[in-house]
Amino acid sequence: MKLKFIFLGKKTSESIDLMISNYLKRLNVYIKSEYIYLHEKNQIKLEQKILSNIKPNTCLIILDENGNKFNTLKYTQFIEEKINRYSSVVFLVGGAYGVSSNIMNASNYLIALSKMTFPHLLARLILVEQTYRSFTILHNHPYHH
């Protein structure tokens, strides 16, 4: 099982990138995980790059304002179901204009972090932190408290 986080757009903040890296190091104690940035102006090439990261038996989860909203415990249950069902899970955080309809149609699930809208940099960090938090809950680690 492997988790992959794909962030569309440029890596624009070293401090947020450091925090994301820190949470991924912690997450790697529980599950193999990685993240990549994809920045491509050509929409067709961008879609090809995204789809090249989707292997057979991969669950594609896209962050979208219209997606399902979870509290932390429900998100933990959601993640646990996906890691038990699929060989890998890919999370996709779109750019300023979201994700193309072709990629949206290829997704298995849409999730939202909140009813509020966050800057993409913070959305990336919140997603990784909440995923780490979910794994600590699954492994009875006290981080959640």
Side-chain angles (χ1 to χ4, degrees), residues 1-40 46-145:
M1 166 50 66
K2 182 178 180 180
L3 299 181
K4 183 181 276 190
F5 298 86
I6 300 175
F7 303 137
L8 301 186
K10 295 179 181 178
K11 176 173 66 171
T12 56
S13 171
E14 286 300 318
S15 59
I16 290 181
D17 191 57
L18 281 171
M19 288 187 275
I20 290 170
S21 294
N22 183 24
Y23 281 115
L24 280 178
K25 272 189 223 172
R26 295 178 185 189
L27 186 57
N28 274 310
V29 169
Y30 302 111
I31 189 167
K32 185 173 171 56
S33 58
E34 66 179 343
Y35 70 110
I36 60 170
Y37 290 94
L38 295 179
H39 180 67
E40 176 64 59
L46 178 61
E47 288 178 6
Q48 290 171 344
K49 286 180 179 181
I50 293 167
L51 293 174
S52 72
N53 284 280
I54 312 301
K55 307 296 183 216
N57 200 30
T58 294
C59 178
L60 175 59
I61 301 171
I62 298 177
L63 263 63
D64 184 80
E65 64 186 359
N66 298 312
N68 291 323
K69 295 167 187 70
F70 303 106
N71 65 31
T72 299
L73 295 178
K74 293 289 184 189
Y75 178 68
T76 300
Q77 291 173 342
F78 174 79
I79 292 299
E80 184 176 35
E81 291 168 5
K82 303 315 160 239
I83 62 173
N84 289 329
R85 181 173 173 199
Y86 295 94
S87 60
S88 65
V89 176
V90 172
F91 294 93
L92 178 64
V93 179
Y97 298 102
V99 177
S100 74
S101 58
N102 289 339
I103 299 300
M104 292 291 273
N105 292 335
S107 72
N108 299 94
Y109 300 95
L110 301 178
I111 64 171
L113 295 177
S114 170
K115 290 181 180 180
M116 296 180 189
T117 301
F118 298 111
H120 288 88
L121 295 175
L122 290 181
R124 295 167 180 172
L125 178 60
I126 293 167
L127 174 64
V128 173
E129 188 280 335
Q130 285 295 295
T131 303
Y132 168 69
R133 182 178 296 272
S134 291
F135 276 86
T136 64
I137 292 168
L138 291 172
H139 291 88
N140 297 313
H141 186 279
Y143 176 82
H144 180 60
H145 300 286

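Just the heavy atoms: all of them, side chains too, but no hydrogens, waters or symmetry mates, feed the values below.
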Assess the residue pair Leu110 and Asn66 against the criterion (side chain to side chain contact (heavy atoms under 4.5 Å, CB included)); give the C-alpha distance rounded to whole Å, side-chain angles, the decisive distance to 0.1 Å, and a yes or no.
CA-CA 7 Å; Leu110 301 178; Asn66 298 312; 5.7 Å; no

Take Leu63 and Ile111 through the side chain to side chain contact (heavy atoms under 4.5 Å, CB included) test and state the conclusion after the steps.
CA-CA 5 Å; Leu63 263 63; Ile111 64 171; 3.9 Å; yes

Would His39 and Lys11 satisfy side chain to side chain contact (heavy atoms under 4.5 Å, CB included), going step by step from the backbone distance to the final call?
CA-CA 9 Å; His39 180 67; Lys11 176 173 66 171; over 6 Å; no

Please test Phe135 against Ile79 for side chain to side chain contact (heavy atoms under 4.5 Å, CB included), starting from the C-alpha separation and ending with a verdict.
CA-CA 9 Å; Phe135 276 86; Ile79 292 299; 3.7 Å; yes

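Here CG of Asn53 is found 9.5 Å from OG of Ser88. Values are rounded to the nearest 0.5 Å. For the atom pair NZ of Lys4 and NZ of Lys55, the computed distance is 6.5 Å after rounding to the nearest 0.5 Å. In this structure, Ile6 CD1 and Arg124 CZ are separated by 12.0 Å, a value rounded to the nearest 0.5 Å. We find the CD-CG distance between Glu129 and Leu113 to be 10.5 Å, quoted to the nearest 0.5 Å. Taken from OH in Tyr30 to OG1 in Thr136, the straight-line distance is 6.0 Å, to the nearest 0.5 Å. In this structure, the separation between CE on Met1 and SG on Cys59 is 8.5 Å, given to the nearest 0.5 Å.
Residues Ile62 and Ile103 approach most closely at CD1-O, 3.6 Å, considering heavy atoms. Residues Glu65 and Ala112 approach most closely at O-CB, 4.0 Å, considering heavy atoms. Shortest non-hydrogen contact noted between Glu47 and Ser100 is OE2-OG, 2.8 Å. Nearest heavy atoms, Val99 versus Met104: O-CG, 3.8 Å. Across Leu8 and Gly98, no two heavy atoms sit closer than the pair CD1-O, 4.4 Å. Annotation for Leu46 and Glu40: closest pair N-CG, 3.6 Å, computed over non-hydrogen atoms.
No donor-acceptor pair closer than 3.5 Å links the side chain of Asn57 to the backbone N or O of Tyr86. Between the side chain of Asn28 and the backbone N or O of Ser33 there is at least one donor-acceptor pair closer than 3.5 Å. A donor-acceptor pair under 3.5 Å is absent between the side-chain atoms of Lys32 and the main chain of Val29, judged by distance alone. Panel note: side chain Asn105, backbone Ser101; a donor-acceptor pair is recorded below 3.5 Å.
Between the side chains of Tyr132 and Asn22, no donor N or O sits under 3.5 Å from an acceptor N or O. Checking Tyr35 against Ser21 by side-chain atom types alone, a donor-acceptor pair falls below 3.5 Å.
With sequence neighbours left out, Gln130 forms a side chain to side chain donor-acceptor pair (under 3.5 Å) with Thr72. For Arg26, the salt bridge (Lys or Arg N to Asp or Glu O under 4.0 Å) criterion is met by no residue, not counting sequence neighbours. Residues satisfying the ring-ring contact (aromatic ring centres under 6.0 Å, His included) test with Tyr75, not counting sequence neighbours, are none.
Tyr23 is listed as a side-chain neighbour of Leu125, based on a closest heavy-atom distance under 4.5 Å. In this structure, the side chains of Phe5 and Val93 stay at 4.5 Å or more apart for every pair of heavy atoms. In this structure, the side chains of Ile20 and Phe7 come closer than 4.5 Å at one or more pairs of heavy atoms.
Between Tyr143 and His141, the two ring planes are tilted [angle within 30° to 60°].
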